[in-house]
2 protein chains.
Amino acid sequence: MGASETRQQIVDVADRLFYEHGFNATSFANIAKDVGLSRGNFYYHFKTKDEILDAVIARRMTNIRAMLDAWEQDAESPAERIRSFVHILITNRTKIMAHGCPIGTLCNELAKLDHAAKGDAARLFSLFHEWLARQFAALERETDADALALHILMRSQGVAALATAFHDDDFICREVADMEAWLQAQCPTASLPNSSQPA
Amino acid sequence: MGASETRQQIVDVADRLFYEHGFNATSFANIAKDVGLSRGNFYYHFKTKDEILDAVIARRMTNIRAMLDAWEQDAESPAERIRSFVHILITNRTKIMAHGCPIGTLCNELAKLDHAAKGDAARLFSLFHEWLARQFAALERETDADALALHILMRSQGVAALATAFHDDDFICREVADMEAWLQAQCPTASLPNSSQPA
DNA sequence: CGATGTTTAGGGCAATCGTCCTACGATAGC
DNA sequence: GCTATCGTAGGACGATTGCCCTAAACATCG
């Protein structure tokens with residue numbers, strides 16, 4: 001097996017373990033076991049644990065970009081695209097109730113560790129933030145698009161946090177519906193399913 | 001110095017360190033150094049690290065109860081009390097931007113560690129949830145008091161999460177104002193400052 | 001085939017982890 | 001002054017941490 005494939009595999013496993021158990025609680029040994037490598041051999045692929053973290057953040061960066069691009073293509077309207085974002089709360093609810101939001105929990109942990117990469121982790125949020133702001137701008141809300149985007153990002157974070165604490169399916173669905181209603185109220189000219197189309 | 005005073009001091013320091021650096025990242029040695037005790041002597045006061053965690057959660061439990069009781073006494077109306085809750089986001093914004101919400105981040109970490117005390121940590125949220133629900137019930141919203149309470153708790157969690165990631169003072173103030181407006185809209189009969197009193 | 005460069009396993013490194021024990025200083029009652 | 005109890009200091013314990021080295025297996029190519 002080539003080094004780049006192995007490296008990729010390490011990052012895949014590390015990504016999952018960092019999400020499920022946190023960065024600090026995941027050791028070289030844990031990753032090595034799941035990848036099927038010997039502990040000591042890690043040094044060949046990654047000099048330090050922080051290097052793995054950087055690679056994981058970079059991987060998430062590209063994955064998020066790909067997801068946003070897919071929504072950009074699949075959804076017909078900006079409002080539909082925002083709806084796609086909101087709905088990951090329902091799609092991923094099982095994982096969220098178990099381990100929280102992958103980005104939010106990582107940012108929190110790195111902030112507490114005062115880790116050098118905490119700014120890079122926050123950049124993952126910025127990807128969503130800027131993308132959402134572009135959607136709101138397309139909905140004739142150019143002046144407050146940033147604030148609206150931050151607001152919906154904040155709501156999804158809050159839902160994820162309480163979902164982890166309470167494991168309440170109904171709460172998630174209720175808040176998602178509330179976000180959709182809020183979205184509809186913010187952009188009454190936007191076309192949404194189950195709503196009358198503007199003339 | 002008596003054992004109970006020392007024990008109390010340990011819990012105080014552990015509470016702060018768990019908040020600032022997380023539970024897992026805080027070692028016996030860290031706590032001992034800040035308290036001014038030798039590492040080994042910890043066994044006399046706490047058999048295990050989990051025991052310290054339990055004591056910290058219990059301490060937070062009583063502190064929160066005291067805070068809620070104080071709001072119950074100081075604020076004149078249920079709406080004013082809810083406002084008191086929302087405003088801790090502004091009062092504690094410096095610490096929140098540095099280390100997040102003490103409860104939310106603890107629940108997230110314990111969930112990832114699959115720790116036995118994760119349910120106890122979630123009970124801290126329940127204290128706020130039930131208290132807020134009582135306030136909404138007093139505002140003639142008995143039927144959906146639970147959902148409203150959970151909604152405002154979710155919002156404060158979301159604000160705390162993004163505040164930690166972005167370190168944005170204006171965002172916090174904006175969202176707090178938005179929560180107050182929402183509160184006003186939910187309970188139009190409630191008396192709030194800077195608003196016309198009902199006839 | 002032999003030579004060359006890549007990837008691997010295995011283990012050692014000092015440090016730190018949570019836990020536990022024992023011996024000592026202080027205090028108080030008899 | 002003697003003894004018993006309380007609180008502490010200091011360090012040992014096995015395990016695990018992140019990190020690093022070495023030697024062998026590997027593939028590739030002249």
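So that the names make sense, note that chain A is the first sequence line, chain B the second, and so on, each numbered from 1. Only a predicted model underlies this, so the values are computations on that prediction, with no experimental measurement involved.
- At a cut-off of 3.5 Å, with distance as the only test, no side-chain donor of B/H99 or A/N108 sits close to an acceptor on the other residue.
- When distances are taken from the side chain of A/L37 to each of C/dT8, C/dG11, D/dC20, the shortest belongs to C/dT8.
- The distance from atom CZ of A/F42 to atom P of C/dG11 is 17 Å, rounded to the nearest whole Å.
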>> Determine whether B/R134 and B/H129 satisfy the following criterion, side chain to side chain contact (heavy atoms under 4.5 Å, CB included), listing intermediate values before the conclusion.
In response: CA-CA 9 Å; B/R134 280 200 300 277; B/H129 178 212; over 6 Å; no
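- Within a heavy-atom distance below 4.0 Å of DNA chain C, the residues of residues 15-30 of chain B found are B/T26, B/S27, B/F28, B/A29.
- Between the CZ atom of A/R7 and the P atom of C/dT7 there is a distance of 12 Å, given to the nearest Å.
- Proximity note for B/H45 (side chain, C-beta onward) versus D/dT8, D/dC19, C/dT8: the nearest is D/dT8.
- The CD-P distance, from B/E5 to D/dT8, rounds to 10 Å in whole Å.
- Side-chain N/O atoms of B/W71 and B/E80 include no donor and acceptor closer than 3.5 Å.
- Distance OH (A/Y44) to P (C/dG5): 13 Å, rounded to an integer number of Å.
- Distance NZ (B/K49) to C1' (C/dT16): 12 Å, rounded to an integer number of Å.
- Following rounding to the nearest Å, A/I52 (CD1) and D/dC19 (C1') show an atom-to-atom distance of 11 Å.
- A/D50 places its CG atom 7 Å from the P atom of D/dC19, with the value rounded to the nearest Å.
- Residue order along DNA chain D, read from the 5' end via each residue's closest nucleotide, puts B/N41 first among B/N41 and A/K47.
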> Between B/F171 and B/F166, is a ring-ring contact (aromatic ring centres under 6.0 Å, His included) present by the stated rule, with each step listed?
Replying inline: CA-CA 9 Å; B/F171 162 72; B/F166 291 133; 7.6 Å; no
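- For the residue pair B/H87 and B/E180, a side-chain donor N or O sits within less than 3.5 Å of a side-chain acceptor on the partner.
- Distance, B/R39 CZ to D/dA12 P: 11 Å, rounded to whole Å.
- Of the candidates D/dG10, D/dC21, C/dC21, the closest approach to any side-chain atom of B/S38 belongs to D/dG10.
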